[in-house]
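For reference, the structure discussed in these notes is given below.
To find a chain, count down the sequence lines: A is the first, B the second, and so on, and within it residues start at 1. Heavy-atom basis, side chains included; hydrogens, waters and symmetry copies ignored.
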Amino acid sequence: MFFVKDFYSKVYELVFKIPKGRITTYKLVAEALNKRAYRAVGNALNKNPYKSVPCHRVVKSDGSIGGYSRGKRKKIKILRREGITIKNNKIVDFKKLIFNPKNKN
DNA sequence: TCGAATGACAGCG
DNA sequence: CGCTGTCATTCGA
């Protein structure tokens with residue numbers, strides 16, 4: 001219940017690896033794990049026991065904020081604080097800010 | 001222990 | 001715009 005699941009652990013780690021001012025998508029994380037569980041990834045972050053995990057840096061493939069347990073409003077605020085510009089709940093130059101966890105960057 | 005439902009999504013008709 | 005597909009977790013029996 002409060003222990004790292006193999007899958008979850010991967011998700012948390014990847015998300016945690018996201019550099020500041022950069023973002024990633026659920027799809028990319030899932031792809032990095034060689035899975036298509038976009039949902040599972042989102043679920044992992046949703047219940048993430050590691051509140052330190054920057055789950056706010058994970059957005060949808062559309063570039064939209066998606067959702068946030070604390071309210072997307074807060075998510076946007078945090079992202080803006082990170083230096084990311086949000087417009088109409090969408091990330092500006094979202095494609096440029098995408099961080100590929102699989103890229104072992 | 002097994003089955004069904006849920007969820008911060010994605011892709012296609 | 002709406003339905004279906006995919007994966008893991010959780011709830012219920």
Side-chain angles (χ1 to χ4, degrees):
Chain A
M1 291 259 230
F2 35 87
F3 292 111
V4 284
K5 302 303 186 188
D6 199 48
F7 189 76
Y8 274 32
S9 178
K10 296 264 192 183
V11 177
Y12 302 137
E13 192 165 314
L14 288 173
V15 176
F16 197 78
K17 277 162 55 186
I18 303 173
K20 190 181 172 194
R22 201 62 58 106
I23 55 173
T24 193
T25 71
Y26 302 100
K27 187 174 186 257
L28 286 175
V29 177
E31 292 274 301
L33 300 177
N34 249 293
K35 303 256 192 321
R36 293 165 182 190
Y38 320 116
R39 294 302 208 98
V41 175
N43 254 344
L45 293 173
N46 173 255
K47 297 171 174 178
N48 78 339
Y50 309 99
K51 53 186 178 126
S52 303
V53 176
C55 28
H56 52 262
R57 286 183 195 156
V58 186
V59 295
K60 290 180 44 172
S61 300
D62 284 277
S64 50
I65 305 305
Y68 194 50
S69 299
R70 287 180 176 169
K72 68 182 176 192
R73 217 22 250 177
K74 194 82 175 187
K75 190 168 179 177
I76 294 170
K77 192 174 182 177
I78 298 171
L79 289 172
R80 285 185 72 191
R81 193 186 67 186
E82 297 283 298
I84 300 169
T85 308
I86 311 295
K87 192 66 106 178
N88 193 14
N89 291 313
K90 297 271 185 168
I91 297 175
V92 180
D93 293 317
F94 141 80
K95 278 186 171 185
K96 297 172 165 193
L97 298 167
I98 292 259
F99 167 75
N100 221 327
K102 207 200 222 163
N103 220 345
K104 23 177 144 167
N105 219 340

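Remark: side-chain polar atoms of A:Thr24 are paired, donor with acceptor, to backbone N or O of A:Phe99 under 3.5 angstrom. One N or O on the side chain of A:Lys75 and one on the backbone of A:Val58 form a donor-acceptor pair closer than 3.5 Å.
Nearest heavy-atom pair across A:Tyr12 and A:Pro49 is OH-CD, 3.1 Å. The shortest heavy-atom contact between A:Pro101 and A:Leu14 is CB-CD2, 3.4 Å. Among all heavy-atom pairs drawn from A:Tyr26 and A:Tyr38, the shortest one is CB-O, 4.1 Å. Minimum interatomic distance between A:Val59 and A:Phe94 (heavy atoms only, all atoms of both residues): CG2-CE1, 3.9 Å. Taking each heavy atom of A:Val92 and A:Lys87 in turn, the nearest pair found is CG2-CB, 3.8 Å.
For the atom pair A:Ile86 CD1 and A:Ile65 CD1, the distance stands at 4.0 Å (nearest 0.5 Å).
In this entry the distance linking OH of A:Tyr8 with C1' of B:dA8 reads 12 Å, nearest Å. The interatomic distance linking A:Glu31 (CD) with C:dC7 (C1') rounds to 13 Å, in whole Å. As a whole-Å value, the separation of A:Phe7 CZ from C:dT9 P is 8 Å. Taking atom CG of A:Asn43 as the reference point, atom C1' of C:dT9 lies 7 Å away to the nearest angstrom. If you take CG of A:Leu45 and P of C:dA8, they are 15 Å apart, rounded to a whole angstrom. The distance between atom NZ of A:Lys75 and atom C1' of B:dA8, rounded to the nearest whole Å, is 6 Å. Rounded to an integer number of Å, the gap from A:Asn34 CG to C:dC7 C1' is 14 Å.
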What dot-bracket string describes DNA chain C from 5' to 3', counting Watson-Crick and G-U wobble pairs whose defining distances are under 3.5 Å, with [ ] for crossing pairs and | for pairs to another strand? |||||.|||||||
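Side-chain atoms of A:Arg36 lie closest to C:dT6 of the nucleotides C:dA8, B:dA8, C:dT6. Each of C:dT9, B:dA8, C:dC7 was ranked by its minimum atom distance to the side chain of A:Ala40; first place goes to C:dC7.
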Filtered N/O pairs between nucleotides 10-12 of chain B and protein, under 3.5 Å:
residue, atom, partner, partner atom, Å
B:dA10, OP1, A:Ser61, N, 2.5
B:dA10, OP1, A:Ser61, OG, 2.3
B:dG11, OP1, A:Lys27, NZ, 3.4

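Using a 4.0 Å heavy-atom cutoff across all strands shown, A:Lys47 reaches sugar-phosphate atoms only and no base atom.
The side-chain hydrogen bond (donor to acceptor under 3.5 Å, both in side chains) pairs that include a residue from residues 54-73 of chain A are A:Asn46-A:Ser69, A:Arg57-A:Glu82, where partners are two or more places apart or lie in different chains.
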